Participant: 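Next up is a structure, given as structure tokens.
It should be emphasised that the depicted structure is a prediction, and the values quoted were computed from it without experimental measurement. Sequence positions, counted from 1, serve as the residue numbers for this chain. Counting convention: from 1, in listed order, for ligands and their atoms alike. All values below come from the heavy atoms of this structure, side chains included, with hydrogens, waters and symmetry mates left out.
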Amino acid sequence: MNLSLDEKLELLSGKGFWRTKSFDGKIKHLVLSDGPHGLRKQVEGANNNSAEPAICYPTASALACTFDPGIVGRIGDELGKETKEKGVSVLLGPGTNMKRSPLCGRNFEYFSEDPYLAGCIGTSFIRGVQQNSVGTSLKHFACNSQETHRMRTNSIIDERTLREIYLKAFEIIVKNARPTTLMASYNLVNGYYSTENKWLLTDVLRDEWGFDGLVMSDWGACSELTKSVKAGMDLEMPDSHGVHKAALKKDLEAGLITEEEIDRAVNRLLALIDRCGTTDEEEAKHIIPTKEEYREREETKRRHRLAYEAAANAGVLLKNEGTLPLKGDEKILIIGDLAVKTRFQGGGSSHINAVEYPNVLDCMKAEFANVDFAKGYDSLRYDFDENMEAEALEKAENCDLILYCGGLTDLAEGEGYDRTTLLMPENQIHLIQKLVSLDKKIVFLSFGGAPFVMEGLERFDAVLQMYLGGEAVAEAAVALLTGRENPSGHLAETWPLHIEDTPAKNFGSREFSVPYEEGLFIGYRHYVSKMIPVQFPFGYGLSYTDYEYSNLHVAKEENGYNVCFEVKNIGNRVGKTVPQLYVRNAMGDFKRASLELRGFEKVSLNPGEKKEICMKLTTDAFQIYDVNVHDWVIPEGEYGICIGKSVEEIELSETVFVNGIKDLHLTDPLPVETPNDGPRFTVTSSIAELAEYSDLAKQILEQGIAAMRTRFPDKTDEDPEVKMMLEAFKDGTADSAVLFSGGEIPYQTLLAILDEANANYPA
Ligand code: BGC
């Protein structure tokens with residue numbers, strides 16, 4: 001392609017929010033849309049939540065609970081088809097960051113605390129999408145584990161923890177699914193912005209893992225194109241209105257970057273455009289349907305059924321003392337605002353404009369004759385309402401069973417901010433404390449993107465956790481409650497008992513640097529190795545039938561072991577179970593989790609049926625990353641091959657002796673931070689921190705907040721969409737705040753602010 005130098009420089013920044021440049025049709029362009037669990041195709045300039053109508057599948061935290069790469073692949077396939085139909089080139093997802101803490105506001109968009117599970121689920125997702133000749137963007141690479149301060153936080157992590165935990169799921173997916181693109185995250189990793197991190201983007205991603213696709217920035221994550229392109233990033237998103245291009249051009253003239261380096265990025269972009277780019281004419285063929293038109297389409301109905309199937313596979317039965325499945329003749333009182341405003345997705349860039357999302361109350365009424373309802377609490381508030389509570393308590397007098405619908409509300413979690421507590425919203429705690437004192441059966445139908453402390457758990461007769469299970473979550477929940485579907489979801493993350501028990505003690509820190517002091521020990525690796533009791537362990541999930549595991553055989557093979565065993569359905573219902581293969585590690589003079597997930601399978605069984613399951617265990621299952629030699633090694637010793645129903649319920653085990661390195665000694669110190677000897681404030685400082693030392697920044701902060709508020713006249717500051725925008729403006733980099741203003745704040749103003757703030761900062 002014959003592009004001038006100027007065009008090449010232009011091409012490295014997007015056009016508007018969602019496209020790349022085409023130079024008036026000279027080349028095709030890319031259309032990029034969020035992701036991940038549906039398609040959020042947004043008209044340029046529109047508010048976040050007003051995209052084209054689309055199907056909303058279960059969010060990642062729910063999808064992972066299916067432990068079923070098969071259904072995830074089918075969802076990927078339908079998503080890929082919808083991406084294609086809507087004229088989109090790249091679906092921005094999936095997200096596969098590790099859940100360092102249950103409090104991360106965006107955990108609902110991530111699969112798991114375990115890299116192997118996240119890697120397997122993510123691989124199927126991407127293969128499914130990409131078989132439709134459209135691309136994906138695996139995100140947020142890397143170590144984007146908190147939302148607080150998300151555009152400027154510096155994740156300090158030792159290399160072994162990076163390799164074994166935070167990069168591992170990315171590695172599995174890159175090698176097995178070959179995503180067309182990766183999205184470099186906002187944060188820094190060990191002192192370098194991900195978008196400027198050569199070690200991450202070139203040495204590891206490309207040279208070691210063989211990634212040959214494109215790396216784009218997260219939206220507003222690139223503030224110096226020269227550094228980014230040199231590090232291995234190829235496309236900055238969104239448009240930086242010529243500002244970053246001008247700087248790049250100057251750097252090129254000054255010899256700070258070469259034309260070859262620019263060509264390298266341009267060629268990767270052109271290759272992607274060749275693979276899934278589009279033209280204005282092709283785009284124009286796509287007519288945006290009305291909600292009604294969209295709802296009536298055959299494929300919409302088919303996809304809704306798939307969303308239902310996935311949600312039914314994802315729902316996790318956490319407790320059941322015989323109350324479920326419901327018998328059908330109970331007088332049921334449904335309590336809780338979430339029965340009406342049933343949460344099926346989270347807030348932020350993944351918000352899907354779904355058209356068909358029945359709520360729990362309607363689905364229950366369609367199923368049962370004897371159903372009453374009391375709101376009990378307001379999901380858009382934290383304070384309790386005496387009248388609502390009184391109504392619920394009064395109505396409860398006459399019922400046989402309370403179906404309490406609650407959990408995390410929209411206020412509690414979302415993109416751009418973290419939760420500050422593991423507890424449920426206060427008004428729900430207040431109400432539950434009253435409900436549990438009644439002499440009634442209580443079934444808790446639970447929603448939310450992440451674990452929380454279940455108030456009243458010991459008094460509940462049953463608990464069904466649906467996460468944020470997509471648009472058909474209510475239908476699936478009711479089918480599970482009635483027994484039309486048999487629960488088969490298993491937890492893809494641990495539910496801790498107290499926040500004090502969680503491993504990441506400095507989680508959500510607003511300090512610039514966040515040392516990951518707990519290292520390898522996140523999720524079950526922490527709880528199991530240190531024997532800390534939890535509410536529910538990783539891998540846990542009940543069923544309306546029961547399964548028996550027997551006959552474990554471990555046979556040595558050339559590159560590992562063949563692990564076979566039998567699973568029998570010993571109840572009287574058809575069901576699916578998830579046998580999990582854990583390796584009990586050999587220990588030595590190094591830190592290591594006692595057990596690690598190395599295999600799983602979702603198995604469907606008729607009553608009385610028995611199946612033999614075989615899983616291949618390759619030798620990488622025993623490896624650890626040796627930072628002395630910068631390579632993977634196997635510590636020699638005795639390893640346990642364990643088959644469990646969860647990480648805490650090991651049913652079968654056998655010991656094998658694995659040859660490897662004897663007497664391995666490893667220490668994993670956190671990297672030492674390099675002191676910043678430049679000016680105190682730079683373009684990556686936030687407007688909020690600049691405002692403390694610059695009147696001009698203060699003025700812009702106030703005006704920006706006011707302007708943003710006028711865009712959402714009907715919403716409060718606590719609304720997830722508003723909260724995300726405000727956080728990004730106040731706490732993101734000043735560079736992105738200025739560029740996102742689309743010219744309202746001239747770049748020169750930012751430079752003047754920096755001069756003023758640096759001059760006022762005490763020496
Ligand atoms: C999010 C990404 C998203 C992008 C575009 C960013 O703020 O972190 O996940 O894809 O916006 O909406």
Participant: Check ligand 1 against K139 and write out every atom of the ligand that is under 4.0 Å from a heavy-atom position of the residue.
Facilitator: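 Those of ligand 1 that fall under 4.0 Å from K139 are 2 (C), 3 (C), 9 (O), 10 (O).
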Participant: Distance under 4.0 Å to a non-hydrogen atom of M183: what atoms of ligand 1 satisfy this?
Facilitator: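 Near M183, the atoms of ligand 1 are 10 (O).
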Participant: Can you tell me how the ring of F17 sits relative to the ring of F740, calling it parallel under 30°, perpendicular over 60° and tilted otherwise?
Facilitator: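 It falls in the tilted class, 30° to 60°.
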Participant: Side chain, backbone, both or neither: which applies to M237 and ligand 1 if a contact is any heavy-atom pair less than 4.0 Å apart?
Facilitator: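 It is neither; nothing of M237 touches ligand 1.
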Participant: For R40, counting its heavy atoms only, list the atoms of ligand 1 lying under 4.0 Å from any of them.
Facilitator: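 Every atom of ligand 1 under 4.0 Å from some heavy atom of R40: 12 (O).
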Participant: Test of understanding: with ring-ring contact (aromatic ring centres under 6.0 Å, His included), list the residues that count as partners of Y193, not counting sequence neighbours.
Facilitator: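 Checked Y193 against ring-ring contact (aromatic ring centres under 6.0 Å, His included); zero matches.
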Participant: With a cut-off of 4.0 Å, which atoms of ligand 1 are near a heavy atom of W18?
Facilitator: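 In order of numbering, the contacting atoms are 5 (C), 12 (O).
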Participant: Is the closest side-chain heavy-atom distance between R152 and N187 below 4.5 Å?
Facilitator: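 Heavy-atom side-chain distance check fails, nothing below 4.5 Å.
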Participant: First locate atom NZ of K341, then atom CG of L380, and finally report the distance between them rounded to the nearest 0.5 Å.
Facilitator: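 Separation between the atoms: 5.0 Å.
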Participant: With atoms numbered from 1 as shown, which atoms in ligand 1 lie under 4.0 angstrom from a non-hydrogen atom of R150?
Facilitator: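 Answer, ordered by atom number: 7 (O), 8 (O).
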Participant: Under a 3.5 Å distance rule, please check whether N107 uses its side chain to pair with a backbone N or O of S101 as donor and acceptor.
Facilitator: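 Yes.
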Participant: Short list, please: which atoms of ligand 1 are under 4.0 Å from a heavy atom of E415?
Facilitator: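 Selected atoms, number and element: 1 (C), 6 (C), 7 (O), 8 (O).
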Participant: Ignoring hydrogens and geometry beyond distance, is a side-chain donor-acceptor pair present between S349 and E415 at under 3.5 Å?
Facilitator: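 Per modelled atom types, S349 and E415 side chains form a pair under 3.5 Å.
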Participant: Tell me, which protein residue and heavy-atom name are nearest atom 5 (C) of ligand 1, and how many Å apart are they?
Facilitator: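 Atom 5 (C) of ligand 1 sits closest to the protein heavy atom D34 OD2, 3.3 Å.
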Participant: Hey, is R106 one of the residues with a heavy atom under 4.0 angstrom from ligand 1?
Facilitator: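 R106: in contact with ligand 1 (<4.0 Å).
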Participant: Is ligand 1 less than 4.0 angstrom away from at least one heavy atom of Y186?
Facilitator: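 Judged by the 4.0 Å heavy-atom criterion, Y186 does count as contacting ligand 1.
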Participant: Applying side chain to side chain donor-acceptor pair (under 3.5 Å), run through S155 and Y516 and close with a yes or a no.
Facilitator: CA-CA 7 Å; S155 305; Y516 285 32; 3.2 Å; yes
Participant: Residues two or more places apart in sequence or in another chain: which of them pass ring-ring contact (aromatic ring centres under 6.0 Å, His included) with F111?
Facilitator: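 Counting only residues at least two positions away or on another chain, F111 forms no ring-ring contact (aromatic ring centres under 6.0 Å, His included).
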Participant: D218 heavy atoms, cut-off 4.0 Å: which ligand 1 atoms fall inside?
Facilitator: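 Counting from 1, the qualifying ligand atoms are 1 (C), 2 (C), 3 (C), 4 (C), 6 (C), 7 (O), 8 (O), 11 (O).
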